Structure formats: structure tokens, C-alpha cells
Amino acid sequence: MCQECGCGSGGGDVKIGGHAHGHEPEHHHAHGDHGHSHGSKTLNLNLSLMEKNDRLAERNRGFFRAKKLLVLNVVSSPGSGKTTFIRETAVQLAERLRLGVIVGDLATDNDAARLKTAGIPVVQITTGTVCHLDADMVAKAAAQLDLDKLDVLVIENVGNLVCPADYDLGEDLRVVLLSVTEGEDKPLKYPPMFHSAGVAVVTKCDLASAAGFNRELALANLKRVSHHARIFELSAKTGDGMKAWLDFLVKQRAAV
Amino acid sequence: MHEVSVMAEAVRLAVDAAKSSGASRVLALRLRVGALSGVVPDAMRFAFDVVCRDTMAAGASLEIESVPAACWCATCRAEFECADFFNECPRCHNVSGELRRGRELEIASVEMN
């Protein structure tokens with residue numbers, strides 16, 4: 001898939017993480033090679049490997065707070081309906097809150113074009129091979145928006161339930177989407193992402209019966225992994241269930 | 001996952017530390033990786049060889065210390081080990097959302113000369 005994951009950079013074997021490249025290379029340098037014994041020293045660092053991103057994310061968070069923005073990081077698998085969900089949210093909130101969107105994809109600005117039809121400001125980030133947005137990309141994209149004219153900034157992350165889980169962008173709320181056409185066990189398969197979300201939204205509910213969606217099972221799985229998350233069930237297409245979500249957003253914005 | 005960028009950051013930190021100590025080579029990196037950190041140690045080892053190339057850390061060894069995950073149970077006022085995110089206290093069966101350990105993704109130390 002991509003260089004960031006490591007899956008594209010080792011001869012094309014997608015399973016490098018799990019197998020094949022196991023433990024053999026670990027101690028491949030002979031100690032004699034560079035005279036370990038004389039003059040070598042050990043320095044304790046105790047630094048987080050996410051420290052750089054976390055620091056930039058905190059800077060974003062402080063900046064957004066000063067601008068009185070409510071910031072959402074919307075994550076899901078590809079095709080769960082993030083763009084339609086955000087577009088409908090913007091259209092239906094137009095009277096009450098002003099939305100702006102930063103949207104990330106590997107390639108194309110198709111999502112940005114779709115979002116712009118809602119008459120809202122949109123900045124597209126095309127990440128190339130990178131499978132997630134990071135805090136630095138968001139800071140640069142946010143600089144292209146007139147934040148003083150916004151109440152809510154929505155960041156539509158790259159469609160991926162794995163990598164974006166570890167990257168804080170400086171958001172107030174992480175919103176994870178689960179569409180009824182995906183398996184009910186998605187939350188169990190991708191627990192870090194679902195666990196890290198403060199809000200879980202079940203989308204495409206108008207297709208539930210056609211997809212044979214087992215609602216009770218999906219909700220039980222969601223609650224098992226994200227027992228702290230607020231859950232909404234809706235269809236952005238028909239508008240069913242949108243009101244509760246929109247009222248929730250208005251309340252969240254008022255609390256910023 | 002994004003093991004390549006995580007390892008690149010580890011090597012960057014190690015090389016910076018070695019340079020500012022006046023060392024000429026990085027001999028070994030020791031990382032601390034939590035059971036629920038979301039990265040796969042084997043993939044990190046694989047990525048390590050790639051990102052070390054043409055740096056002061058070329059040929060260095062990599063040691064990964066894994067940290068088991070633990071949750072805090074407010075009812076029992078005690079920690080319990082958990083294997084995943086479904087954190088039910090084995091004593092009182094209440095669910096805990098307070099992960100105390102297991103998300104670590106850190107560089108502990110670097111050996112150089």
C-alpha cells in the first residue's frame with residue numbers, strides 16, 4: 001500500500017509486519033566491527049517517538065482554542081460516507097454554525113469538489129503515499145482558511161482505520177464512522193481507532209435492512225471497545241437521525 | 001501501520017543525540033513499545049534496516065522492550081493487566097477506560113562511540 005506503513009517498501013510483500021522478515025536481522029552487526037569495547041557509552045533519552053507530532057498537535061489545539069473553534073477529526077474506512085456526512089452536516093447547520101473543512105486523500109481533489117457544493121470553505125491535502133494526516137499538515141492547511149469566519153473546523157482524515165489512530169491533530173473530538181454496509185465486527189478488528197474516538201456514528205442507516213445489518217450486535221461491539229463514546233445512528237442521505245447529531249454539535253461548540 | 005515513519009523518528013533522535021555528544025557512530029538503540037501501541041515489532045525491525053542506511057546508525061543493533069498493558073480499576077483501587085482494549089476488571093468485572101500502561105512508543109536509550 002504505502003511507504004509509511006512499510007508495506008510497500010520491502011519487495012512488495014504486504015505481510016512484512018507479521019511474518020517473513022522476523023528476527024534474523026536484529027543482531028547482525030558483529031560487536032568487533034566498530035570497537036564496542038573502547039569508548040562506547042550509553043545515553044538515556046526516554047523520548048516519545050510521537051513527541052514531534054504531539055507537540056505540533058498541542059500547538060494546533062491552543063491556536064484553535066484561541067480562535068474559539070470546535071475541531072473534529074473524522075476517521076473511518078474508505079467508503080464509510082465521511083464526505084457525504086460532513087457535507088450534509090454543513091448544509092443543515094448553515095443557519096446556526098459556519099463550517100470549514102480540511103480533507104485528506106492520497107490523490108485527487110474529488111472530495112474537496114463535492115464539499116464545495118455545500119458552499120463552504122474547503123482545503124484539500126493530497127498526501128501522496130502517506131496513509132494519515134499529521135499535525136503539521138493540518139497546521140499548514142488551516143493557514144489557508146479564514147478561521148475567524150468559522151465556528152467549526154472539520155478535518156476529514158484519510159480513509160484508513162489503522163494509522164490515523166496514533167496521530168493527534170489537535171482536535172477537540174475524534175469522530176469515527178461505521179457504515180451499515182461494513183461488518184458489525186469492525187470495532188473489534190480495529191480497536192485502537194474505535195477506542196480513541198469520543199463519538200461513534202453509524203452511517204447509511206437507510207441501507208440497514210438491505211445490507212442485513214445486525215444493529216444490536218454492532219452497537220454491542222461498539223460499546224465494548226468505545227464504552228465512553230457517544231453513539232449516533234443516522235443516514236446523511238435521507239436525513240434520518242441527523243437532528244440529534246447536529247444538536248450535539250451546537251452544544252459542543254457552545255462549550256468551547 | 002506506519003512503522004517506517006516511527007523508526008525514522010527513532011533514528012533521527014538517536015543520531016541527534018550522538019552528534020551532540022560528539023560521537024561518530026550509533027551502535028545500538030533501545031526502544032520501549034507498549035502492547036497496545038499499535039505498531040508491530042517485527043515491522044519495526046524490518047523498517048529499522050531501511051531507515052538506518054546511509055546514516056550514523058548504519059549497522060546499529062535494535063533492542064525492543066515490550067511493555068504489557070495495564071488498566072486502573074477505580075473500584076478496586078488497583079491495576080490489572082489487560083490484553084486488549086476490552087478492559088474488564090478481573091476482580092469486580094467493572095469496565096475501566098483508564099489505560100495506565102501499554103501505549104508506550106519511546107526511545108529509551110542510545111549506545112554510541
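Every chain is numbered from 1 and lettered A, B, ... according to where its sequence line falls, protein lines coming before strand lines. Note that the structure is a prediction, hence the values are computed from the model and not measured.
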Of all heavy-atom pairs linking B:Ser37 and A:Asp166, the shortest is O-OD2, 3.1 Å
The reported gap from CG in A:Asn53 to OG in B:Ser5 (rounded to nearest 0.5 angstrom) is 9.5 Å
Taking side chain as C-beta onward, heavy atoms only, is B:Arg30 less than 4.5 Å from A:Leu45? no
Tightest non-hydrogen contact, residues B:Asn113 and A:Gly39, listed as CB-O, 3.6 Å
The reported gap from CD1 in B:Ile107 to CG in A:Asn44 (rounded to nearest 0.5 angstrom) is 10.5 Å
Exercise. Any chance CZ of A:Arg59 has more than 12 other-residue heavy atoms, nucleotides or ligands included, within less than 6.0 Å?
Worked result: no
One should read off an interatomic distance between B:Glu9 CD and A:Leu49 CG, to the nearest 0.5 angstrom, of 6.5 Å
If you tally heavy-atom pairs under 4.5 Å between each of B:Glu106, B:Met7, B:Glu104 and chain A, the highest tally belongs to B:Glu106
Over 12 non-hydrogen atoms of neighbours within 6.0 angstrom of CG in A:Asn46
yes
Output for pair (B:Glu98 CD, A:His228 NE2), nearest 0.5 Å, gives 13.0 Å
One should read off an interatomic distance between B:Arg103 CZ and A:His195 NE2, to the nearest 0.5 angstrom, of 7.5 Å
Between the NE2 atom in B:His2 and the CG atom in A:Asp134, the distance rounded to the nearest 0.5 Å is 11.0 Å
Can you confirm whether A:Arg65 is buried at CZ, in the sense that more than 12 heavy atoms of other residues, nucleotides or ligands lie under 6.0 Å from that atom? no
Between B:Leu13 and A:Ser48, the two heavy atoms sitting closest are CD1-O, 4.2 Å
- Any side-chain heavy-atom pair from A:Lys41 and B:Ser21 closer than 4.5 angstrom? yes
Bottom line for B:Leu36: the part with an atom under 4.5 Å from chain A's heavy atoms is neither
Applying a strict 4.5 Å limit to non-hydrogen atoms, the region of B:Ser24 in contact with chain A is neither
The ring-ring contact (aromatic ring centres under 6.0 Å, His included) partners of A:Phe63 (sequence neighbours excluded) come to none
The ring-ring contact (aromatic ring centres under 6.0 Å, His included) partners of A:Phe194 (sequence neighbours excluded) come to none
